[in-house]
S.K.: 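Just dropping this structure here.
Atoms within each ligand, like the ligands themselves, are counted from 1 in listed order.
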Amino acid sequence: MDLGVHLPSLIPSSQSVYVLLFYFVYLAVAGEILPGKVIRGVLLSDGSQLRYRCNGLLALTLLVAILGICAKLGIVSPLVVADRGLELLSATFVFCVLVTLALYITGRSSSNKSSSLKPHVSGNLVHDWWFGIQLNPQFMSIDLKFFFVRAGMMGWLLINLSILAKSVQDGSLSQSMILYQIFCALYILDYFVHEEYMTSTWDIIAERLGFMLVFGDLLWIPFTFSIQGWWLLYNKVELTVPAIVASCLVFVIGYIVFRGANKQKHIFKKNPKTPIWGKPPVVVGGKLLASGYWGIARHCNYLGDLMLALSFSLPCGISSPVPYFYPTYLLILLIWRERRDEVRCAEKYKEIWAEYLRLVPWRILPYVY
Ligand code: NDP
């Protein structure tokens with residue numbers, strides 16, 4: 001890559017700022033006015049519960065429809081993201097820095113004592129800015145953490161669609177690109193169909209909103225998870241039929257495990273008596289599910305997610321490590337996260353957790369890890 005050529009495109013232009021502004025304003029308005037199931041978040045330590053309106057699927061469908069119509073009328077170019085990728089990336093980075101500085105300043109001065117807004121100040125500026133000060137800060141009654149993760153997941157699909165339009169326009173559309181696009185689109189749509197599950201994930205319940213999370217949601221997810229798509233724009237791959245079948249199998253099995261495990265935990269938390277795979281659930285200490293996927297390994301959901309990540313890269317073949325950035329990163333992240341989650345659960349559940357460890361000794365992949 002010639003850095004001399006690409007460096008100037010890293011400077012955000014006014015157009016890239018307008019694109020971002022339009023996107024955030026649309027998401028804020030759509031999130032507030034579109035109908036959607038209102039979900040209560042997990043019980044916070046002070047006994048309060050936040051409410052989340054899960055209308056992401058409708059907001060996304062409407063946005064894609066609006067952009068599609070605007071593209072047809074020539075008002076917007078479908079290539080706007082693919083052509084301005086680096087500019088949008090740097091504009092998003094600047095936004096992440098500014099918004100997290102604002103979160104740091106407002107968080108520090110907050111006198112609110114609730115679990116979601118209470119300031120956690122260590123006194124180390126970099127630490128507090130990086131990890132955040134408040135658990136669930138809001139802006140104009142919008143839950144920012146839920147908002148940013150939604151923006152990141154939708155942004156990933158929009159980037160992919162623009163890459164797809166570019167590959168159609170320059171005549172490079174390949175089977176690899178089609179497979180990559182289908183797998184990612186199904187994963188992202190599935191995320192929004194099950195958006196309510198997000199409300200009980202680690203990021204929402206345990207992580208404070210600082211630069212790490214904002215950067216992860218707004219920049220890391222859309223711009224690095226789409227590396228395979230960018231790579232396929234410039235590299236031709238001839239897939240054999242067995243390679244196509246293998247990629248599809250990894251995707252389908254990964255999806256079944258990922259969605260099945262997350263669904264079982266979600267259902268169990270709502271009603272611990274619901275049968276798992278047709279049998280009464282095995283429950284440890286009345287709190288932890290030890291059957292179904294949660295009886296095979298303590299984080300089968302991570303295993304499914306890792307298989308899905310691999311399936312997004314397999315259509316790129318094995319000629320380059322670049323398209324394997326996402327599964328490699330996810331492997332490191334999920335092993336790290338699983339370790340932190342274990343510590344948290346050991347503290348929270350004490351002897352119940354020890355009993356669960358005895359019943360289910362595998363962390364992510366049975367007989368391996
Ligand atoms: P989990 O959904 O696995 O949630 C972990 C929590 O679940 C624990 O802290 C505990 O919380 C509860 N729990 C753990 N074991 C049990 C059990 N046996 N029975 C009942 N409850 C249990 O983790 P994450 O929030 O990290 O991940 C959610 C999904 O998001 C995963 O599928 C993951 O792969 C995906 N993800 C994807 C990322 C990406 O970049 N693509 C990044 C991070 C996550 P409690 O205290 O409530 O009981």
S.K.: Report yes or no: do W362 and L331 belong to one cluster of Ile/Leu/Val/Met/Phe/Trp/Tyr joined by side chain heavy-atom distances under 4.5 Å?
M.R.: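 The answer is no; the residues belong to distinct hydrophobic clusters.
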S.K.: Quick one: look up the protein heavy atom nearest atom 11 (O) of ligand 1 and list residue, atom name and how far away it is.
M.R.: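 Checked against all protein heavy atoms, atom 11 (O) of ligand 1 sits closest to R344 NH1, 3.6 Å.
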S.K.: Polar-atom distance check: Y326 versus ligand 1, any N or O pair below 3.5 Å?
M.R.: yes
S.K.: Tell me which one of E342, R340, K265 gets a heavy atom nearest to atom 12 (C) of ligand 1.
M.R.: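 Heavy atom nearest to atom 12 (C) of ligand 1 belongs to K265.
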S.K.: Give the contacting part of K269 toward ligand 1: side chain, backbone, both or neither, where contact means a heavy-atom distance below 4.0 Å.
M.R.: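 Just the side chain.
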S.K.: Taking 4.0 Å as the limit for heavy-atom contacts, which would you say applies to W202 with ligand 1: side chain only, backbone only, both, or neither?
M.R.: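 The answer is both, backbone and side chain.
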S.K.: Please determine if L289 has a nitrogen or oxygen closer than 3.5 Å to a nitrogen or oxygen of ligand 1.
M.R.: yes
S.K.: Mind checking whether T201 has an N or O less than 3.5 Å away from an N or O of ligand 1?
M.R.: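 So ligand 1 has no N or O lying under 3.5 Å from an N or O of T201.
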S.K.: Which ligand 1 atoms are under 4.0 Å away from a heavy-atom of L330?
M.R.: 38 (C), 39 (C), 40 (O), 41 (N)
S.K.: Please answer whether the main-chain N or O of P361 pairs with a side-chain N or O of R298 as donor and acceptor at a distance below 3.5 Å.
M.R.: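 Side chain of R298 to backbone of P361: a pair is present.
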S.K.: Can you report which non-hydrogen protein atom sits closest to atom 46 (O) of ligand 1, along with the distance?
M.R.: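 That would be K348 NZ, 2.6 Å.
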S.K.: May I ask you to decide if L135's main-chain N or O and R208's side chain share a donor-acceptor pair within less than 3.5 Å?
M.R.: no
S.K.: Looking only at atom types and distance, does a side-chain atom of Q138 sit under 3.5 Å from a main-chain N or O of L144, one as donor and one as acceptor?
M.R.: no
S.K.: Among pairs that include at least one residue of residues 50-101, which meet ring pair (Phe, Tyr, Trp, His ring centres under 6.0 Å), considering only residues two or more places apart or in two chains?
M.R.: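 Qualifying pairs, neighbours excluded: F24-F95, Y52-F146.
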S.K.: With a heavy-atom distance limit of 4.0 Å, tell me whether D203 approaches ligand 1 through its side chain, its backbone, both, or neither.
M.R.: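 Neither part.
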S.K.: If you measure from CG on L314 to CG on L179, what distance do you get to the nearest 0.5 Å?
M.R.: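 Spacing of CG (L314) from CG (L179) equals 10.0 Å.
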S.K.: How far is atom 43 (C) of ligand 1 from its nearest protein heavy atom, and which residue and atom name does that atom have?
M.R.: R337 NH1, 3.3 Å
S.K.: Between L333 and ligand 1, find which residue part has any heavy-atom pair under 4.0 Å and reply side chain, backbone, both or neither.
M.R.: side chain
S.K.: Which atoms of ligand 1 are found less than 4.0 Å from any heavy atom of F258?
M.R.: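 Contacts of ligand 1 toward F258, numbered from 1: 32 (O).
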S.K.: Side chain, backbone, both or neither: which part of V360 comes within less than 4.0 Å of ligand 1 when only heavy atoms are counted?
M.R.: neither
S.K.: Counting N and O atoms only, with roles assigned by atom type, does the side chain of N301 sit under 3.5 Å from a partner on the main chain of F258, one being a donor and the other an acceptor?
M.R.: no
S.K.: Would you say K287 and ligand 1 have an N/O pair spaced under 3.5 Å apart?
M.R.: no
S.K.: For ligand 1, is any non-hydrogen atom under 4.0 Å from D341's backbone (N, CA, C, O), its side chain (CB onward), both, or neither?
M.R.: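 For D341, the contact with ligand 1 is made by the side chain alone.
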S.K.: Protein heavy atom under 4.0 angstrom of atom 15 (N) of ligand 1, is there one?
M.R.: yes
S.K.: Relative to the heavy atoms of W294, which atoms of ligand 1 are at a distance of less than 4.0 Å?
M.R.: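 In order of number, 3 (O), 15 (N), 18 (N).
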S.K.: Minimum distance, heavy atoms only, to atom 10 (C) of ligand 1: which one of S291, A309, C345 is it?
M.R.: C345
S.K.: Please work out whether any backbone atom (N, CA, C, O) or any side-chain heavy atom from C-beta onward of D305 is under 4.0 Å from ligand 1, and answer side chain, backbone, both or neither.
M.R.: side chain
S.K.: Compare all side-chain heavy atoms of V80 with those of V19 and state whether any distance is below 4.5 angstrom.
M.R.: yes
S.K.: Report the residue from F192, W220, F223, Y187 that forms a ring pair (Phe, Tyr, Trp, His ring centres under 6.0 Å) with W156.
M.R.: Y187
S.K.: Scan for side-chain hydrogen bond (donor to acceptor under 3.5 Å, both in side chains) pairs involving residues 169-180, sequence neighbours excluded, and state none if there are none.
M.R.: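 Non-adjacent pairs meeting side-chain hydrogen bond (donor to acceptor under 3.5 Å, both in side chains): N160-Y180, D170-S172.
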S.K.: Are any of the N/O atoms in Y356 less than 3.5 Å from those in ligand 1?
M.R.: yes
S.K.: Answer with yes or no whether Y349 contacts ligand 1, where contact means a heavy atom under 4.0 Å from a ligand atom.
M.R.: yes
S.K.: By number and element, which atoms of ligand 1 are closer than 4.0 Å to a non-hydrogen atom of N301?
M.R.: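 Result: 1 (P), 2 (O), 3 (O), 31 (C), 32 (O), 34 (O).
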S.K.: What residue and heavy atom of the protein are closest to atom 26 (O) of ligand 1, and at what distance?
M.R.: Y302 OH, 2.6 Å
S.K.: For F225, counting its heavy atoms only, list the atoms of ligand 1 lying under 4.0 Å from any of them.
M.R.: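 With F225 as reference, the close atoms of ligand 1 come out as 40 (O).
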S.K.: Flag the pair K118 / H120 as yes when at least one side-chain heavy-atom distance between them is below 4.5 Å, and no otherwise.
M.R.: yes
S.K.: Do I227 and Y326 have side-chain heavy atoms sitting under 4.5 Å apart?
M.R.: no
S.K.: Tell me: protein heavy atom nearest atom 32 (O) of ligand 1, and distance?
M.R.: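 Closest protein heavy atom to atom 32 (O) of ligand 1: N262 ND2, 2.9 Å.
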S.K.: I'd like to check Y324 versus P327 (side-chain heavy atoms, cut-off strictly below 4.5 Å). Are they in contact?
M.R.: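 In short, these two side chains touch, coming nearer than 4.5 Å.
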S.K.: I'd like to know if the side chain of S162 reaches the main chain of A82, judged simply by a donor and an acceptor atom lying under 3.5 Å from each other, with no hydrogens or angles considered.
M.R.: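 The answer is yes, because a donor-acceptor pair under 3.5 Å joins these two groups.
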S.K.: Does OH in Y18 sit with more than 12 non-hydrogen atoms of other residues, nucleotides or ligands closer than 6.0 Å?
M.R.: no
